[in-house]
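Below you'll find the structure, written out as structure tokens, and then a few comments.
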Number of protein chains: 2
Amino acid sequence: MALRHAVLAALLDGEYSGYQLAKIFDVSVSNYWHAVPQQLYTELSKLESEGLIKGRQVIQHDRPNKRVYTVTPAGMDELERFATVPTKPGIIREDLLVLVQAVDHISVKPIIEQLEERALAAEAKVELFTRVLEGLRGDLDEETYLRKGEPIGPYLTCLRGLAHEQSTHQWVTNTARLLRERIAEPAEESES
Amino acid sequence: MALRHAVLAALLDGEYSGYQLAKIFDVSVSNYWHAVPQQLYTELSKLESEGLIKGRQVIQHDRPNKRVYTVTPAGMDELERFATVPTKPGIIREDLLVLVQAVDHISVKPIIEQLEERALAAEAKVELFTRVLEGLRGDLDEETYLRKGEPIGPYLTCLRGLAHEQSTHQWVTNTARLLRERIAEPAEESES
DNA sequence: GCCACCATGTAAGGGGTTACATGATTTT
DNA sequence: AAAATCATGTAACCCCTTACATGGTGGC
């Protein structure tokens with residue numbers, strides 16, 4: 001039950017509505033916490049009813065009204081408490097890797113194609129995160145920002161996302177190439 | 001609903017019981033698919049009742065009897081079908097990263113400590129995977145095994161796990177060091 | 001006019017997590 | 001004698017996913 005903490009952590013950055021949070025989760029938070037929009041609406045309601053966040057109606061004339069939330073002192077306490085209990089090891093679920101695990105026993109072609117698609121997606125994410133990081137640190141160079149810039153939390157998690165996507169990109173690229181080579185020059189048996 | 005495919009993929013490697021699968025999931029499959037033992041027992045029952053795997057009782061005298069499973073032709077068809085539908089993007093959930101995201105607003109010390117613990121865990125995993133890979137390729141050097149060795153699926157997913165742990169190790173190490181430096185030499189304001 | 005975007009909600013059903021239960025054998 | 005390993009199961013509860021519903025505004 002730690003979606004709540006991911007939401008609280010995201011709201012430390014400023015006031016956001018469920019819809020805005022959904023986009024934030026989609027582009028950056030998804031590096032370390034996956035959640036679909038519907039979960040956020042549900043969780044925001046629960047968090048407010050428990051007093052960990054406080055909602056505020058914002059009337060808009062050019063578009064639908066929205067409700068934006070901020071973390072309450074009780075919410076801060078909850079985060080503080082959460083930081084002291086040992087975190088569980090992270091969980092990963094990757095369909096694509098399941099396919100690769102089975103690659104000796106099923107058709108290789110579709111797997112290679114999916115790997116190559118994923119390579120493109122990873123590349124796009126690398127570029128995106130690179131730009132997000134540039135935006136976060138503004139005029140400062142990276143070394144300076146890491147030493148003194150603020151906020152540092154979002155910067156660090158984004159760096160993690162970048163490293164992860166780079167690592168993913170390398171692996172999917174190598175794996176796709178390797179599997180292609182293996183179907184081009186198979187098993188090497190009985191060169192009779 | 002893709003735990004089933006992770007189980008099927010794992011069973012391609014040989015006959016395993018629920019208990020054995022649990023250990024395999026714990027050490028290697030967890031690189032790309034997290035599941036607790038209880039899920040496996042449940043899923044194995046479902047898969048067998050659907051005819052995708054076939055169980056076989058193994059009588060043991062030195063320890064409790066067990067039931068080992070193999071993938072049926074129907075199970076192979078299901079895997080084959082699964083390989084052709086586009087995979088969903090993977091999901092990640094990391095409590096530790098949630099803490100780092102919030103690091104500007106909560107106590108830093110406990111977070112640093114957890115990062116350092118995680119660094120040790122990552123190091124241990126790197127060593128483990130390195131040895132697993134050695135075991136898988138036997139006498140062959142890596143380049144040769146990648147070109148011709150079999151099975152290649154488990155080798156590739158293990159390589160991914162290794163890369164992931166290395167990347168994690170680097171990030172947690174750097175992040176812990178950086179946060180330590182920042183609390184040693186804070187904000188740098190008003191050097192009056 | 002139609003599609004995309006903004007903005008939120010209810011509800012059903014499936015999947016995942018945790019607690020608890022059982023019991024034999026081997027190791028410390 | 002206690003703890004760890006082997007081995008599997010039932011049940012409750014919570015979380016997550018998906019489908020569906022609603023409705024206003026802005027751009028093509």
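The figures here come from the full heavy-atom set of this structure, side chains too, leaving out hydrogens, waters and symmetry mates. Letters A, B, ... mirror the listed sequences (proteins, then strands); counts begin at 1.
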Set out, line by line, the N/O atom pairs under 3.5 Å between protein and nucleotides 4-7 of chain D.
unit_1, atom_1, unit_2, atom_2, d
D:dC6, OP2, B:Y19, OH, 2.7
D:dA7, OP1, B:Q60, OE1, 3.4
D:dA7, OP1, B:Q60, NE2, 2.4

Check: residues 129-139 of chain A side-chain donor-acceptor pairs under 3.5 Å, at least two apart:
unit_1, atom_1, unit_2, atom_2, d
A:T130, OG1, A:V126, O, 2.6
A:R131, NH2, A:E127, OE1, 3.3
A:R137, NH1, A:Y155, OH, 2.8

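Mapping heavy-atom proximity under 4.0 Å, the span of DNA chain C touched by chain A runs 5' to 3' from C:dC5 to C:dT18.
Inter-residue side-chain proximity for A:H5 and A:T87 is flagged as unmet; no heavy-atom pair is nearer than 4.5 Å. Residues A:T175 and A:L179 are in side-chain contact: their nearest non-hydrogen atoms beyond the backbone lie under 4.5 Å apart.
Residues B:L40 and B:Y19 are members of separate hydrophobic clusters, defined by side-chain heavy-atom contacts under 4.5 angstrom among Ile, Leu, Val, Met, Phe, Trp and Tyr. The hydrophobic cluster containing B:V172 also contains B:I112, counting ILVMFWY residues as joined when their side-chain heavy atoms lie under 4.5 angstrom apart, directly or transitively.
The nearest heavy atom of DNA chain D to B:P37 and to A:L3 marks one nucleotide each, and the one closer to the 5' end goes with B:P37.
Defining each end axis of the helix from C:dG1-D:dC28 to C:dT28-D:dA1 as the rotation carrying four pairs' C1' atoms onto the next four, with five pairs an end, the two axes are found to diverge by 40° to 10 degrees.
Between A:R177 and A:E181, at least one side-chain N (NZ, or NE/NH1/NH2) sits under 4.0 Å from a carboxylate O, which counts as a salt bridge. A:E94 has no carboxylate O lying under 4.0 Å from a charged side-chain N of B:R160, or vice versa, which leaves the two without a salt bridge.
At the heavy-atom level, A:R93 lies under 4.0 Å from the strands shown only through sugar-phosphate atoms.
Interatomic distance, A:K109 NZ to B:T84 OG1, rounded to the nearest 0.5 Å: 14.0 Å.
Side-chain N/O atoms of A:Q38 include none lying less than 4.0 angstrom from OP1 or OP2 on D:dT17. Note on A:H61: every side-chain N or O is 4.0 Å or more away from OP1 and OP2 of D:dT25.
The CG atom of A:L44 sits 16 Å away from the C1' atom of D:dC15 (whole-angstrom rounding).
When the salt bridge (Lys or Arg N to Asp or Glu O under 4.0 Å) test is applied to B:E117, no partner is found at least two apart in sequence or on another chain.
The two residues B:A2 and A:D95 come nearest to each other via the heavy atoms CB-OD1, 3.6 Å.
For the side chain to side chain donor-acceptor pair (under 3.5 Å) condition, the pairs that include at least one residue of residues 53-66 of chain A, sequence neighbours left out, are A:E15-A:R56.
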